[in-house]
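Atoms within a ligand are numbered from 1 in the order they appear, just like the ligands themselves. Only this structure's heavy atoms are used, side chains among them; waters, hydrogens and symmetry mates stay out. Only a predicted model underlies this, so the values are computations on that prediction, with no experimental measurement involved.
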Amino acid sequence: MASIVLFLFQNFMMKLLIRVYLRSSAANILRTMKLFEPITLNATRLSNRIVLPAMVTRLSGEDGHINKDITDRYLRYAKGEVGLIVVEAMAVHTAKSGPLLRLGSDDYLAEHRELAAKIHATSPSKVMPQIIHFLKISRNGWRQTVDMLSLEEIDAIVEAYGAAAARARAAGYDGVELHMAHAYTLSSFLSRRNPRKDDYGQTLENRLRLPLRVIEAVRKNVGKDFCVGLRFDGEECVKGGYTANEARVMALAFARAGIDYISVSAGGKFEDAVPKEGQPLYPYTGYSGDRCMPSAHYPDGFNRPISAEIKRYLVANSVTTPVLSAGKINTPELAEHILQTGEADLIGMARPLLADPDWPKKVKNGEWDKVIRCCYANVCKSLDENFRKVRCFLWPKGALQAPESSDREPPAWPKDGAALNADWKQGKIRLNWQSASDNEQVYGYDVYRREGYGGNFVRLTAVPGGLSTFFDEQAVSGCRYEYYVRAYDIAGNRSESSNVVAVSP
Ligand SMILES: Cc1cc2nc3c(=O)[nH]c(=O)nc-3n(C[C@H](O)[C@H](O)[C@H](O)COP(=O)(O)O)c2cc1C
């Protein structure tokens with residue numbers, strides 16, 4: 001009992017301290033927040049702990065070349081001063097796969113060199129490509145599995161990873177990340193559902209064989225002083241799949257093999273993907289897909305316990321390899337808490353940085369209240385699924401990149417206010433308000449809610465600027481709810497809060 005009370009007290013004090021950090025001046029924030037402490041990964045020094053984990057953009061053609069849209073997308077993250085930008089998964093081989101970047105031949109080298117140089121010229125952000133191998137898949141439902149690969153084909157995978165990593169170094173990137181997560185080849189070897197019956201399947205030792213061969217080949221090609229990171233699933237999130245119990249042992253093996261950071265993801269498997277007539281299977285449609293990119297109805301930081309267990313196990317084995325935690329980590333408070341408690345060393349934010357690439361710069365400057373906040377509607381995910389250009393649905397209509405503005409004038413409500421009203425109909429609460437105006441453009445509205453008769457208001461979601469209605473489908477009769485909304489503009493300036501409305505369904 002005493003230890004529970006002590007734990008609760010320590011947790012409370014930690015949260016209190018972080019709140020104090022966030023309310024202090026920008027200079028103070030810089031001095032005290034671990035999020036903005038540099039970290040060194042092999043020879044690469046990151047200026048902060050914020051990482052953009054790889055995020056496919058579907059902005060390239062099927063030829064896999066870097067174009068202006070791709071360059072603009074990554075320069076935008078650099079302008080926001082993201083510590084480490086991991087460029088979306090790019091193939092080490094030549095198999096067809098819709099719009100996907102490539103690093104499988106020297107033909108791509110010059111354009112990658114240009115991208116890396118442009119990012120370096122923009123800000124202190126560091127940049128590394130994520131390199132991937134995937135198996136064949138067809139629209140008729142057939143897919144190649146790891147047991148169909150011959151030993152020669154396995155050797156070719158090792159060689160392709162080694163060659164692509166050497167190109168990453170030649171291109172001037174700050175390192176390379178090996179994709180061993182989700183539904184792809186190396187992850188399928190690591191899987192507990194790996195069906196091979198030879199030296200590459202059945203036991204954990206055998207399942208690790210190919211990934212460790214790949215690490216060895218990559219290291220041999222890039223040298224000792226080049227950062228080699230790795231991303232893998234800390235839990236497969238499918239029936240019979242592995243959990244953190246095995247993942248922590250894998251992480252230790254990766255670290256001992258010389259990996260410089262371990263990025264922990266979850267799920268995203270073919271095994272529970274939902275088939276769609278005439279479409280290749282998309283590995284993020286089942287429960288494991290939810291766990292990989294948790295949507296609005298999952299708690300924040302849902303996959304934290306997995307990366308925390310991996311970190312704990314590494315520390316217990318005297319291994320200091322940095323660990324990255326990702327999955328619905330969106331607030332500076334949560335990110336800081338994870339770092340301060342030693343759960344992880346790096347914070348991955350994919351969708352939050354898509355919504356607002358200036359997240360790091362704004363938070364560093366003490367302007368958290370100007371961040372455009374992801375609402376995890378997963379429109380980006382469904383664009384990826386359909387091979388359409390990935391964008392954020394909060395961006396202005398038709399925009400292909402996150403907008404930029406240094407305006408400081410906040411939106412204003414009409415003279416008679418927001419006139420926020422609410423009613424309960426057919427099991428949901430409908431909120432309605434008057435549109436705000438702005439010298440540039442009203443970009444969106446944050447909706448805040450408080451349940452019951454006390455406690456804090458919590459930001460529930462964001463609504464794009466063209467709308468002035470929101471339906472809360474998570475309300476139940478017998479409870480009391482209060483709401484207010486705030487308009488924001490492109491720069492993230494927030495309006496005054498609207499009037500507060502209360503509803504008791
Ligand atoms: C559109 C989209 C594309 C993604 N592409 C990749 C990818 O190429 N490689 C990868 O390891 N993860 C990929 N992910 C997963 C993200 O890196 C990240 O782990 C996941 O979105 C959870 O983090 P978040 O809650 O900060 O978004 C993608 C996610 C999204 C939404």
ask   = So does Glu159 have more than 12 non-hydrogen atoms from other groups sitting under 6.0 Å from CD?
value =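 Result for CD/Glu159: open.
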
query = So, is the end of the Arg494 side chain (NZ or CZ) under 6.0 Å from the ring centre of Tyr488 and within 45° of the ring's axis?
reply =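 Yes - Arg494 lies over the ring of Tyr488, closer than 6.0 Å to its centre and within 45° of its axis.
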
query = For Tyr376, is the NZ or CZ atom of Lys328 found under 6.0 angstrom from the centre of its six-membered ring and inside 45 degrees of the ring axis?
reply = yes

Using a plain distance cutoff, I'd like to know if [X] has any nitrogen or oxygen under 3.5 Å from a nitrogen or oxygen of ligand 1.
X	result
Ala54	yes
Gln130	yes
Ala350	yes

query = Which of parallel (below 30°), tilted (30 to 60°) and perpendicular (above 60°) describes Tyr77 and Tyr74?
reply = tilted

Considering [options], which one's heavy-atom position lies nearest to [atom]?
atom	options	answer
atom 2 (C) of ligand 1	Met55, Met349, Glu88	Met55
atom 28 (C) of ligand 1	Lys381, Met293, Arg391	Met293
atom 15 (C) of ligand 1	Arg231, Arg351, Lys328	Arg231

Tell me which protein heavy atom sits closest to [atom], plus the residue, atom name and distance to 0.1 Å.
atom	result
atom 23 (O) of ligand 1	Gly327 N, 3.7 Å
atom 22 (C) of ligand 1	Cys292 O, 3.3 Å
atom 8 (O) of ligand 1	Val56 CG2, 3.2 Å

message = Testing the basics here: between Pro211 and Phe189, what is the closest heavy-atom pair and its distance to 0.1 Å?
response = CD-CB, 4.4 Å

request  = Heavy atoms only: give me the nearest Ala181-Asp233 pair and the separation to one decimal.
outcome  =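 Where Ala181 meets Asp233 most closely, the heavy atoms are CB-OD1, 3.7 Å.
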
Considering the heavy atoms of [X], write down every atom of ligand 1 situated less than 4.0 Å from one of them.
X	result
His179	9 (N), 10 (C), 11 (O)
His182	10 (C), 11 (O), 12 (N)
Ala89	8 (O)

Donor on one side chain, acceptor on other, His65 and Asp107, under 3.5 Å =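 His65 vs Asp107: no donor-acceptor pair found between side chains.
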
inquiry  = Ring centres under 6.0 Å, that's the criterion: do Tyr173 and Phe226 meet it?
reply    = no

request  = Pick one of side chain, backbone, both or neither for how Pro352 approaches ligand 1, counting any non-hydrogen atom pair under 4.0 Å.
outcome  =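 Just the side chain.
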
key: ring pair (Phe, Tyr, Trp, His ring centres under 6.0 Å) partner of Phe134, the single match among His93, His179, His182   =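 Exactly one pass, corresponding to His93.
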
